[in-house]
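Structure, as structure tokens:
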Amino acid sequence: MRKRAVVYPRQDVEREAPLTRRPPTPNARKRPKRGHRDPVRYDAVVEPLPDLRPLEVQFERSAERIDQAPADGGREIAFAGRSNAGKSSALNRLANRRGLARTSRTPGRTQLLNFFLVDEAPMHAAPGPAAAPAQPRRLVDLPGYGFARAGHATRDAWQEHVEDYLARREALVGLVLLMDVRHPFQPFDEHMLTWAETSDMPVLLLLNKVDKLSRGAAAQALQAAEGRCAALPKVTPLLFSALRGTGAEVALEILRGWLEPAGEEESGTDAAPSVPE
């Protein structure tokens with residue numbers, strides 16, 4: 001049997017020194033160390049702001065279908081948007097509470113109609129025991145559209161429930177449409193704006209996640225949105241950040257105007273018209 005030759009390294013040959021890293025230049029960018037990192041949820045660091053006067057909100061119930069919703073009365077404001085637009089985070093910011101609306105690392109987890117009661121006393125309520133009982137006022141978190149990990153049949157059912165709510169709910173007096181400021185006016189957003197124009201419904205357009213843009217880019221995004229909505233007088237674009245609270249005060253002022261009971265004093269163009277009977 002033939003033996004395999006064994007090659008020994010030569011002792012008289014100097015080995016080359018290992019390559020060393022070049023010294024960094026003075027302006028070199030420091031890169032973070034590589035390694036496993038847990039994904040950061042956008043709303044994970046949403047903390048209450050001390051100077052914000054939020055809405056007093058509490059969870060009421062969830063409904064899969066419109067016939068499971070609370071009685072159709074009072075005044076309601078619906079929150080709509082794509083699954084990655086940050087609807088639940090916006091609700092948490094406007095209530096200045098972390099964890100009021102369920103949020104998730106995975107977009108599209110809001111699969112039900114979630115109703116939240118607004119507990120604030122009417123701004124123009126008459127004092128005394130003879131005052132009439134206040135009509136319920138609510139915020140409604142609608143199922144998101146887009147990135148949900150579900151079958152087409154399930155997603156179609158969600159959209160059917162959303163459209164059923166929008167078409168039949170007489171208590172609805174305003175719509176808050178959330179958009180990612182970096183990717184605005186997607187097909188679903190255009191569909192909602194068309195519906196609102198046809199229904200004569202006021203819309204607060206929150207261009208969310210503005211904290212991810214520079215000041216100049218944010219100004220350009222707002223200008224573009226205002227130009228897009230110039231022919232829609234009932235649509236109010238607003239730069240917003242659920243993370244930092246940007247635009248929250250203005251948004252709260254508009255929402256409070258919409259939630260005013262019908263027949264009370266209302267001022268400004270943001271006030272919603274009386275609910276048709």
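Checked by atom type and distance alone, the side chain of N208 pairs as donor or acceptor with a backbone atom of A242 at under 3.5 Å. The backbone N or O of R182 sits nowhere less than 3.5 Å from a side-chain atom of K209 that would complete a donor-acceptor pair. Although no hydrogens or angles enter the test, the distance criterion places no donor-acceptor pair under 3.5 Å between the side chain of D211 and the main chain of R244. Side-chain atoms of R93 never come within 3.5 Å of backbone atoms of S241 as a donor-acceptor pair (strictly under, hydrogens ignored). A donor-acceptor pair under 3.5 Å is absent between the side-chain atoms of Q223 and the main chain of A219, judged by distance alone.
Within the 4.5 Å cutoff, no side-chain heavy atoms of D189 are placed close to those of P184. Residues L255 and I77 meet the side-chain proximity criterion, which asks for heavy atoms closer than 4.5 Å.
Closest heavy-atom contact between R75 and E260: NE-O, 2.6 Å. When every heavy atom of A218 is checked against every heavy atom of V210, the shortest pair comes out as CB-CG2, 3.5 Å. Residues R138 and P70 come closest through the heavy atom pair NH2-CB, 3.4 Å. Between A248 and L94, the shortest heavy-atom contact is O-CD2, 4.1 Å. In terms of heavy-atom proximity, Q58 sits nearest to R97 at CA-NH1, 4.3 Å. Of all the heavy atoms in L193 and F185, the pair that sits closest is CD1-CE2, 3.8 Å.
In this structure, CG on L49 lies 9.0 Å from CD on E249, to the nearest 0.5 angstrom. Between atom OH of residue Y165 and atom CG of residue L113 there is a gap of 8.0 Å, rounded to the nearest 0.5 Å. Annotation: the span from E60 atom CD to L139 atom CG amounts to 11.0 Å, rounded to 0.5 Å. With rounding to the nearest 0.5 Å, the separation of CG in L204 from CG in L206 is 4.0 Å. The distance from the CG atom of L259 to the CG atom of L55 is 6.5 Å, given to the nearest 0.5 Å. Interatomic distance, L172 CG to S199 OG, rounded to the nearest 0.5 Å: 8.5 Å.
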Apply salt bridge (Lys or Arg N to Asp or Glu O under 4.0 Å) to D72 and R169, showing your working.
-> CA-CA 7 Å; D72 192 355; R169 197 70 174 177; 3.7 Å; yes
Give the C-alpha distance, both sets of side-chain angles, the deciding distance and a yes or no for salt bridge (Lys or Arg N to Asp or Glu O under 4.0 Å) between R137 and E76.
-> CA-CA 6 Å; R137 296 178 294 169; E76 291 179 355; over 6 Å; no
Pair H191-Q186, side-chain contact (heavy atoms from CB on, under 4.5 Å): steps then yes or no = CA-CA 9 Å; H191 174 73; Q186 299 295 314; over 6 Å; no
Verdict with supporting geometry, R82 and D180, salt bridge (Lys or Arg N to Asp or Glu O under 4.0 Å) | CA-CA 9 Å; R82 292 178 60 83; D180 189 328; over 6 Å; no
side-chain contact (heavy atoms from CB on, under 4.5 Å) between W258 and V176, worked out | CA-CA 11 Å; W258 289 354; V176 179; 4.3 Å; yes
Starting from the C-alpha separation in whole Å, work towards a yes-or-no answer on side-chain contact (heavy atoms from CB on, under 4.5 Å) for M201 and W195.
-> CA-CA 8 Å; M201 182 71 62; W195 172 85; 4.1 Å; yes
Quick one: do V140 and F116 satisfy side-chain contact (heavy atoms from CB on, under 4.5 Å)? Show the steps, please.
-> CA-CA 6 Å; V140 186; F116 300 88; over 6 Å; no
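The cluster map of Ile, Leu, Val, Met, Phe, Trp and Tyr, joined by side-chain heavy atoms under 4.5 Å apart, puts L252 and F240 in the same cluster. Placement of L117 and L112 in two distinct hydrophobic clusters is found when ILVMFWY residues are connected by side-chain heavy-atom separations under 4.5 Å, directly or transitively.
More than 12 heavy atoms of other residues, nucleotides or ligands lie within 6.0 Å of CD in E226, so this atom counts as buried by the packing criterion.
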